[in-house]
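We use all heavy atoms of the structure for the numbers below, so side chains are in, but hydrogens, waters and symmetry mates are not. Since we're looking at a predicted model, the values are computed, not measured. For ligands, and for the atoms within them, numbers begin at 1 and follow the listed sequence.
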Amino acid sequence: MILKGQKTILRPIKISDTSNFVKWSCDSNVNKFTTRRKNNKKEIEKWIKGIPKDKTQKQFAIETREGKHIGSTQLLEINPQDKNALFAILIGDKDYWSSGYGYDASKSLINYAFKKMKLHKLYLNVYDYNKRAIGLYKKLGFKTEGTRRENIFYNNKFHNEYLMGLLVREWRK
Ligand SMILES: CC(C)(COP(=O)(O)OP(=O)(O)OC[C@H]1O[C@@H](n2cnc3c(N)ncnc32)[C@H](O)[C@@H]1OP(=O)(O)O)[C@@H](O)C(=O)NCCC(=O)NCCS
């Protein structure tokens, strides 16, 4: 499935994307905002091969309209009973940060989640030092629902982790 935005195209993740994901997961200026884990080629390939089999996930590669692969965005933990899912996004290529790509790709996936999948709610977690992501999520309409206090140890300091959520009726507005 392909989802077209104004600046981005969301398409299925392919095995040939592996090297980009390995590079981004090993970049400490990128992974400090996500899992802070380095993933090797074998682990990433296993992850990509498993995606089509997993009904609790929808994962997309983010490409620019010019066809450059710059990141990924996903719905995880899709729960058909409660009609909710975990939303996640990564622009791994730092040259494309703060240029509207994250917002555009997020809008495409959120529209799909609410309009096509008929979900009721999306939720996520974000570290307090990730000002760019917090700005994006607020712009998209996510509201802070709670704080996991001093949950993350990064740069010799404990950091808060915020839980945020977006309801379908807030997105329609
Ligand atoms: C977080 C991320 C997805 C944001 O995407 P982006 O393309 O860089 O952001 P956008 O240019 O679309 O900006 C959207 C909004 O985010 C906020 N924002 C963007 N850059 C910002 C910055 N440097 N500081 C604070 N807020 C910022 C603004 O509110 C912006 O809206 P505006 O342009 O109208 O002011 C992207 O930077 C990224 O993937 N970073 C690394 C991985 C990561 O942090 N993932 C999220 C983990 S929770």
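For Gln6, the CD atom is loosely surrounded, since the number of other residues' heavy atoms within 6.0 Å does not exceed 12.
Of the listed residues (Gly92, Ser98, Gly102, Gly71), the one carrying the non-hydrogen atom nearest atom 8 (O) of ligand 1 is Ser98. Remark: among candidates Arg132, Lys94, Lys107, the nearest residue to atom 21 (C) of ligand 1 is Arg132, based on non-hydrogen atoms.
Sorted by first and then second residue, the pairs that involve residues 61-90 and meet salt bridge (Lys or Arg N to Asp or Glu O under 4.0 Å), not counting sequence neighbours, are Arg11-Glu63, Lys68-Asp93.
In terms of protein heavy atoms, atom 25 (C) of ligand 1 is closest to Lys131 O, 3.6 Å. Of all protein heavy atoms, the one closest to atom 41 (C) of ligand 1 is Trp97 CZ2, 3.5 Å. Nearest protein heavy-atom neighbour of atom 29 (O) of ligand 1: Gly135 O, 3.4 Å.
Against a heavy-atom cut-off of under 4.0 Å, Gly100 is close to the following atoms of ligand 1: 10 (P), 11 (O), 12 (O). Near Asn130, with a cut-off below 4.0 Å to any heavy atom, the atoms of ligand 1 are 43 (C), 44 (O), 46 (C), 47 (C). Taking every heavy atom of Ile89 and a limit of under 4.0 angstrom, the matching atoms of ligand 1 come to 3 (C), 45 (N), 46 (C). Near Ser99, meaning under 4.0 Å from any of its heavy atoms, are these atoms of ligand 1: 11 (O). Annotation for ligand 1: atoms under 4.0 Å from non-hydrogen atoms of Lys139 are 31 (O), 32 (P), 33 (O), 34 (O). Those atoms of ligand 1 with a heavy atom of Leu136 less than 4.0 angstrom away are 3 (C), 4 (C), 14 (C), 15 (C), 16 (O), 17 (C). Close approach of ligand 1 to Asn125 (heavy-atom distance below 4.0 Å) involves ligand atoms 48 (S). Shown in contact with Leu90 at under 4.0 Å from a heavy atom are these atoms of ligand 1, numbered in order with element: 39 (O), 42 (C).
Contacts between Ala88 and ligand 1 below 4.0 angstrom, taking non-hydrogen atoms only, are absent altogether. Only side-chain heavy atoms of Tyr137 come within less than 4.0 Å of ligand 1; its backbone N, CA, C and O stay farther off. Neither the backbone nor the side chain of Asp104 has a heavy atom within less than 4.0 Å of ligand 1.
Cation-pi geometry between Lys139 and Tyr103 is met: under 6.0 angstrom from the ring centre, within 45 degrees of the axis.
Atom 32 (P) of ligand 1 lies below 4.0 Å from at least one non-hydrogen atom of the protein. Inside a 4.0 Å radius of atom 13 (O) of ligand 1 there is not any protein heavy atom.
Remark: the backbone N or O of Glu43 is paired with a side-chain donor or acceptor of Asn40 at under 3.5 angstrom.
For Glu161 and Asn125, the side-chain atoms include at least one donor-acceptor pair closer than 3.5 Å. No donor-acceptor contact under 3.5 angstrom links the side chains of Asn160 and Thr147, judged on distance only.
Looking at ligand 1, you'll find an N or O of Tyr103 within less than 3.5 Å of one of its N or O atoms.
Aromatic ring pairs are classed by plane angle as parallel below 30°, tilted from 30° to 60° and perpendicular above 60°; the pair Tyr127 and Tyr129 is tilted.
Residues passing the ring pair (Phe, Tyr, Trp, His ring centres under 6.0 Å) test with Tyr162, sequence neighbours excluded: none.
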